[in-house]
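In what follows, a single structure is set out as structure tokens and then discussed.
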Amino acid sequence: YAVSLDGGNLQRLTQDAGMHSVSFSADYQYAIDRYNNTTTPNTIRLLDSQGKILRVLGETTVADYAPYRIKGPEFFEIQNQDGLVYHAHINKPFDFDPQKKYPVVVEVYGGPAGQVVTNSWVNPQDMLFVNRGFLYVGFDTRGTPGRGRAWINAIHHDKADKPLDDLRLLAEHLRTLPYVDGNNIGVWGWSNGGYMTCMAMTKGHGIFQAGAAVAPVTDYKLYDTIYTERYLGLPQRNEEGYKACAAGTYASELQDPLLLAHGISDDNVHIQNIYAFVEKLIAAEKDYTLYLYPQKDHSIGGDDQRYHLFQRILEFFEETLKD
């Protein structure tokens, strides 16, 4: 979009529905638009300052993916008793049989820095789960962006309870579907998604039967101020709120399998988050699985490390969610 400095004359520049990443030239007369949606894998275009497409610089099509087992999800909505509508998507195995019951892996982020459910080309990573025989569900709780101010402000001073209520609503809905194995629903997430996974497996125990948390914040006293204090306020003014939002507070309530993974050199969510949480789990005599990645940051980058991480996550869910 373009908007004047006084806030008026709002003008939409990119017209196609989907996800756009735009880089402007120094004089703002031209832009490179990287665009995708559920039916368009990737298109790179040159635009003028009004959004007119001057040239397509490159693209991949659905036909390019024909040799691979990749397909897009189905979108659906659920509604709570107060009339709030939640966005979700589900991806089913290629040989899906509605007469069978499938285990489910839910991906969550649950925080103000990211959405899971978007009109974008499928993440090939999702296919790892689908091609292993899982239903793969993406879900956005309250507190996520893209849904307006009230939606994101719902977690102000409380980053856990409302998102946990939302995840509980999702799990209850999934258990009504005839092709879902309601006794085998797992959850996983990265960063704030890892935090929500830890909270779901402790304070929200019973919602899911297994959880995998990658690079999770486990105590917001250990995270950076610009993000944390925007939503939880100053620690000295909201001491109980910080305690209520710390996964370690509920370590004794862990009942089901939990996998933790973290890059030791993570300069975003510091490794002390894992150390503090594990210390609480040990004190509560709880079992857990932990994978640490030396010299890796928040993204745990590198082909070998990524392969190792997702192979462990897949094996974990196969062991815990499949009969």
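Values below: all heavy atoms of this structure, side chains included; hydrogens, waters and symmetry mates excluded. Sequential numbering from 1 along the given sequence is applied to the chain's residues.
The neighbour count for Asp97 CG, taken as heavy atoms of other residues, nucleotides or ligands under 6.0 Å away, is above 12. Under a cut-off of 6.0 angstrom, the local environment of CG in Asp303 is sparse, with at most 12 non-hydrogen atoms contributed by other residues, nucleotides or ligands. Atom CZ of Arg230 sits in a crowded spot, with more than 12 heavy atoms from other residues, nucleotides or ligands closer than 6.0 Å. Other residues, nucleotides and ligands contribute only 12 or fewer heavy atoms inside 6.0 Å of the CD atom of Glu279. The local environment of CD in Gln15 is crowded, with over 12 non-hydrogen atoms from other residues, nucleotides or ligands closer than 6.0 Å.
Transitive grouping of hydrophobic side chains (ILVMFWY, heavy atoms separated by less than 4.5 Å) brings Leu321 and Leu259 into a common cluster. The hydrophobic clustering, which links ILVMFWY residues whose side-chain heavy atoms are closer than 4.5 Å, places Leu135 and Ile70 apart. Under the 4.5 Å side-chain heavy-atom criterion for ILVMFWY residues, no single connected hydrophobic cluster contains both Val214 and Val269. Following chains of ILVMFWY side-chain contacts shorter than 4.5 Å, one can reach Ile207 starting from Phe139, so the two form part of one hydrophobic cluster. Under the 4.5 Å side-chain heavy-atom criterion for Ile, Leu, Val, Met, Phe, Trp and Tyr, Phe208 and Val180 are members of the same hydrophobic cluster.
Ion pairing between a basic and an acidic side chain is recognised when a charged N comes within 4.0 Å of a carboxylate O; Asp165 and Arg168 show such pairing. Under the 4.0 Å criterion applied to side-chain N and carboxylate O atoms, Asp219 and Lys280 are not assigned as salt-bridge partners.
One distance of note links CG of Asn268 with CG of Asp224; it measures 6.5 Å at 0.5 Å rounding. Leu292 CG to Tyr275 OH: the interatomic distance, rounded to the nearest 0.5 Å, is 6.0 Å. Summarising the geometry, atom CZ belonging to Phe76 is positioned 11.5 Å from atom NE2 belonging to His87; distances are rounded to the nearest 0.5 Å. From Thr60, atom OG1 reaches atom CG of Asn42 across 5.0 Å, with rounding to the nearest 0.5 Å. Between Leu309 atom CG and Asp304 atom CG the span is 12.5 Å, to the nearest 0.5 Å. Remark: Met19 CE to Thr14 OG1 distance equals 11.0 Å, nearest 0.5 Å.
The shortest heavy-atom contact between Asp64 and Tyr68 is O-CE1, 3.9 Å. Considering all non-hydrogen atoms of both residues, Gly186 and Phe317 come closest at CA-CE2, 4.1 Å. Nearest heavy-atom pair, Asp95 versus Tyr102, reported as atom, atom and distance to 0.1 Å: O-OH, 3.8 Å. Residue His205 comes nearest to Met201 through the heavy atom pair CB-O, 3.8 Å, listed as atom of the first residue, atom of the second, then distance. For the residue pair Thr320 and Ala210, the shortest heavy atom distance occurs at OG1-CB, 3.4 Å. The minimum heavy-atom distance linking Cys245 with Leu232 is given by the pair SG-CD2, 4.0 Å.
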Task: Gln50 and Gln11: CA distance, side-chain angles, deciding distance, side chain to side chain contact (heavy atoms under 4.5 Å, CB included) verdict - done: CA-CA 9 Å; Gln50 301 303 306; Gln11 179 185 1; 2.9 Å; yes
- [ ] Please test Thr141 against Leu167 for side chain to side chain contact (heavy atoms under 4.5 Å, CB included), starting from the C-alpha separation and ending with a verdict.
- [x] CA-CA 7 Å; Thr141 66; Leu167 288 171; 4.0 Å; yes
- [ ] Check the pair Tyr288 / Phe277 against ring pair (Phe, Tyr, Trp, His ring centres under 6.0 Å), numbers first and verdict last.
- [x] CA-CA 11 Å; Tyr288 59 90; Phe277 185 46; 8.2 Å; no
Task: From CA spacing to verdict: side chain to side chain contact (heavy atoms under 4.5 Å, CB included), Arg69, Met127 - done: CA-CA 8 Å; Arg69 292 170 63 86; Met127 294 294 99; 5.9 Å; no
- [ ] Just do the salt bridge (charged side-chain N to carboxylate O under 4.0 Å, His left out) check on Glu315 and Arg312 with the steps written out, would you?
- [x] CA-CA 5 Å; Glu315 291 171 354; Arg312 301 293 84 74; 3.3 Å; yes
Open item on the list: For a ring pair (Phe, Tyr, Trp, His ring centres under 6.0 Å) check, start with the C-alpha distance between Trp188 and Phe316, then their side-chain angles and the critical distance, and finish with the verdict.
Closed with: CA-CA 11 Å; Trp188 92 281; Phe316 169 77; over 10 Å; no
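Between Arg34 and Ser23, some side-chain heavy-atom pair lies under the 4.5 Å cut-off. Residues Leu46 and Ile32 are in side-chain contact: their nearest non-hydrogen atoms beyond the backbone lie under 4.5 Å apart. Looking at Asn37 and Asp16, their side chains never come closer than 4.5 Å, going by heavy atoms from C-beta outward. Side-chain contact between Gln99 and Pro178: absent, with no pair of heavy atoms (C-beta onward) separated by less than 4.5 Å. Two residues are said to be in side-chain contact when any heavy atoms from C-beta on lie closer than 4.5 Å; Asn273 and Tyr195 fail this criterion. With contacts defined as side-chain heavy-atom distances shorter than 4.5 Å, the pair Pro41/Asn36 does not qualify. With a 4.5 Å cut-off on side-chain heavy atoms, Pro93 and Arg132 do not count as touching. A heavy-atom distance below 4.5 Å is not found between the side chains of Leu13 and Leu47.
A search for side chain to side chain contact (heavy atoms under 4.5 Å, CB included) contacts involving Ala154 returns Arg142, Lys162, not counting sequence neighbours. For Ser265, the side chain to side chain donor-acceptor pair (under 3.5 Å) test picks out no residue, with sequence neighbours left out.
A donor-acceptor pair under 3.5 Å is formed between the side chain of Gln209 and the backbone N or O of Ile185. Using a distance-only test at 3.5 Å, with no hydrogens or angles considered, a donor-acceptor pair links the side chain of Ser4 to the main chain of Gly8. Side-chain atoms of Trp121 never come within 3.5 Å of backbone atoms of Val62 as a donor-acceptor pair (strictly under, hydrogens ignored). A side-chain donor-acceptor contact under 3.5 Å links Asn91 to the backbone of Lys71.
Among pairs with a residue in residues 234-246, none fulfils side-chain hydrogen bond (donor to acceptor under 3.5 Å, both in side chains), at least two apart in sequence or across chains. Screening residues 9-63 for ring-ring contact (aromatic ring centres under 6.0 Å, His included) gives His20-Tyr35, Phe24-Tyr28 as the qualifying pairs, with residues at least two apart or on separate chains. Applying the side-chain hydrogen bond (donor to acceptor under 3.5 Å, both in side chains) test to residues at least two apart or on different chains, the pairs with a partner in residues 144-157 are Thr144-Trp151.
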Anything under 3.5 Å between a donor and an acceptor, one on a side chain of residues 106-119, the other on a protein residue two or more places apart or in another chain? List them.
{"residue": "Glu107", "atom": "OE1", "partner": "Tyr136", "partner atom": "OH", "Å": "2.8"}
{"residue": "Gln115", "atom": "NE2", "partner": "Pro145", "partner atom": "O", "Å": "3.4"}
{"residue": "Thr118", "atom": "OG1", "partner": "Ser120", "partner atom": "OG", "Å": "2.7"}
{"residue": "Asn119", "atom": "OD1", "partner": "Thr38", "partner atom": "N", "Å": "3.3"}

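Between Lys286 and the options Leu258, Val278, Leu254, a side chain to side chain contact (heavy atoms under 4.5 Å, CB included) holds for only Leu254.
Side-chain N/O atoms of Lys322 and Asn184 include no donor and acceptor closer than 3.5 Å. With hydrogens and angles left out, the side-chain atoms of Lys159 and Tyr231 include no donor and acceptor closer than 3.5 Å. For the residue pair His308 / Tyr293, a side-chain donor-acceptor distance below 3.5 Å is found, with atom types taken as modelled.
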